[in-house]
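Below is one structure, written out as structure tokens, with a few remarks after it.
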Amino acid sequence: MQIEELTDQLMKAASLKEQSSTTQNESGAPPKPEDSAEATKPALPPGLALNSGKTTAEILADLNKSPLFMTELEDNDDIAALQALDYEGSALENTADFKERGNECFKVRGYVDAREFYTKGVVMLAAEERKRAAGEVTRSPEGVVDSDDEIAAQRAMLVSMYVNRAACNLELDNFRSVWLDCTAALRLDPRNVKAYYRAARALLKVDRVDEADDMCARGLAFDADNKALRSVAADGVYRLPNVACYVETRDGGLLKMGKKASLLKVLSTGKVEIVDQVVRIFVLPVDKADEWIVKFKEQKAKEKGRP
């Protein structure tokens, strides 16, 4: 049942009771048969029975004291307690808690829930960044001005939350959100290799190979031995249309495979030797294919004793 429907029902019940009571008092007439029938009806549910003797104004006043129905702000101990819980601790402390909860969800593949926790942290710390960008001085809940170390820690945490949220969106196939978060992280920390890695993976998923290759190159410039990033870089290189495929013929030549020359068509020429049901296919990056062909021919010439 909708909140508005419940409120309307309570108001309507109270109004009918007021009208019935007023009519009876004014007429002074004895109870009618239908009034006797009313007395034999089943009792109201507990929630409605509590309000059966109240006027419409009294019901609305009681509802307004509940956070669920509140329509105006007033001094309310319950609301004050909820607000105190919301803002207890510094922005960095609250975000660290959101990160921990998000990590727990991510470990059990609760990517949607993890993303929500990371988003809470992003919203909290991004708000602090916007204040500083506007020239405001950010402070702790106790009113202490944020030190340089505190600001640096907030930014490092914000970068981590962006990158972690990108990881969730990568698992959820929200690829545009991935590179937007990674871009936001790299604005704050251009050396963050995880941001380059996740952005590259997302770009490859939508076949934006050149941009993925650029992300890999930038990341490897900071960490040349990063295995994960090198793996993505290799994945980007060995994708159509960035590769050329060749099959060796019986006489040591090469046949190039492509759209017009499928593997089946190449094999049907009878020029390719199949040994134990195995065929060697050479897959090369397009920009290195010509150089490799020259070396391949030189090697075959030496094997045949030709200069």
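Just so we're clear, the structure is a prediction, and the values are computed from it rather than from any experiment.
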*Only counting residues at least two apart or in another chain, list the ones meeting side-chain contact (heavy atoms from CB on, under 4.5 Å) with Ala91.*
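With sequence neighbours excluded, Ala91 shows a side-chain contact (heavy atoms from CB on, under 4.5 Å) to Met124, Leu125, Glu128, given in chain and number order.
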*Using side-chain contact (heavy atoms from CB on, under 4.5 Å) as the criterion, list what pairs up with Asp97, not counting sequence neighbours.*
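Asp97: side-chain contact (heavy atoms from CB on, under 4.5 Å) contacts with Arg101.
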State, yes or no, whether a side-chain contact exists between [X] and [Y] at a heavy-atom distance under 4.5 Å.
X: Asn164; Y: Arg198; answer: yes
X: Trp179; Y: Glu211; answer: no
X: Tyr162; Y: Leu180; answer: no

For [X], is the [atom1] atom crowded, meaning more than 12 foreign heavy atoms sit under 6.0 Å from it?
X: Arg230; atom1: CZ; result: no
X: Asp148; atom1: CG; result: no
X: Arg250; atom1: CZ; result: yes

Minimum-distance pair of heavy atoms, taken over all atoms of [X] and [Y]:
X: Ala212; Y: Ala200; result: CB-O, 3.6 Å
X: Leu170; Y: Val178; result: N-CG2, 3.3 Å
X: Phe117; Y: Cys105; result: CE1-SG, 3.8 Å
X: Leu220; Y: Ala233; result: CD1-CB, 4.4 Å
X: Ala195; Y: Ala185; result: CB-CB, 4.3 Å
X: Tyr196; Y: Leu229; result: C-CD1, 4.2 Å

*Could you go through the side-chain contact (heavy atoms from CB on, under 4.5 Å) check for Arg115 and Asn174 one step at a time?*
CA-CA 12 Å; Arg115 182 179 61 183; Asn174 297 325; 3.1 Å; yes
*For Glu116 and Lys120, run salt bridge (charged side-chain N to carboxylate O under 4.0 Å, His left out): C-alpha distance rounded to whole Å, both residues' side-chain angles, the deciding distance at 0.1 Å, then the answer.*
CA-CA 6 Å; Glu116 291 303 313; Lys120 288 178 184 291; over 6 Å; no
*Would you kindly confirm whether Ile151 and Met157 end up in one hydrophobic cluster when ILVMFWY residues are joined by side chain heavy atoms under 4.5 Å apart?*
no
*For the pair Phe106 and Tyr111, name the ring-plane relationship: parallel under 30°, tilted 30 to 60°, perpendicular over 60°.*
perpendicular
*Could you please spell out the steps behind the side-chain contact (heavy atoms from CB on, under 4.5 Å) verdict for Phe175 and Asp173?*
CA-CA 5 Å; Phe175 303 123; Asp173 293 344; 3.5 Å; yes
*Looking just at side-chain N and O atoms, do Tyr197 and Asn192 make a donor-acceptor pair shorter than 3.5 Å?*
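Note: Tyr197 and Asn192 side chains miss the donor-acceptor criterion.
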*Any side-chain donor-acceptor pair under 3.5 Å between Thr249 and Asp251?*
yes
Nearest 0.5 Å, please: how far is [atom2] in [Y] from [atom1] in [X]?
X: Asp207; Y: Lys205; atom1: CG; atom2: NZ; value: 10.5 Å
X: Leu203; Y: Arg201; atom1: CG; atom2: CZ; value: 12.0 Å
X: Arg109; Y: Cys168; atom1: CZ; atom2: SG; value: 13.5 Å
X: Arg139; Y: Asp146; atom1: CZ; atom2: CG; value: 9.0 Å
X: Leu92; Y: Lys99; atom1: CG; atom2: NZ; value: 10.0 Å
X: Asp113; Y: Glu104; atom1: CG; atom2: CD; value: 11.5 Å

*Could you go step by step and tell me if Met161 and Val123 meet the side-chain contact (heavy atoms from CB on, under 4.5 Å) rule?*
CA-CA 10 Å; Met161 298 300 269; Val123 170; over 6 Å; no
*Set of residues satisfying side chain to side chain donor-acceptor pair (under 3.5 Å) with respect to Glu129, sequence neighbours excluded*: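 In terms of side chain to side chain donor-acceptor pair (under 3.5 Å), with neighbours along the sequence ignored, Glu129 is linked to Arg132, Arg155.
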*May I ask you to decide whether Glu298 forms a salt bridge with Lys302, counting only side-chain N to carboxylate O separations under 4.0 Å?*
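No, no charged N to carboxylate O under 4.0 Å.
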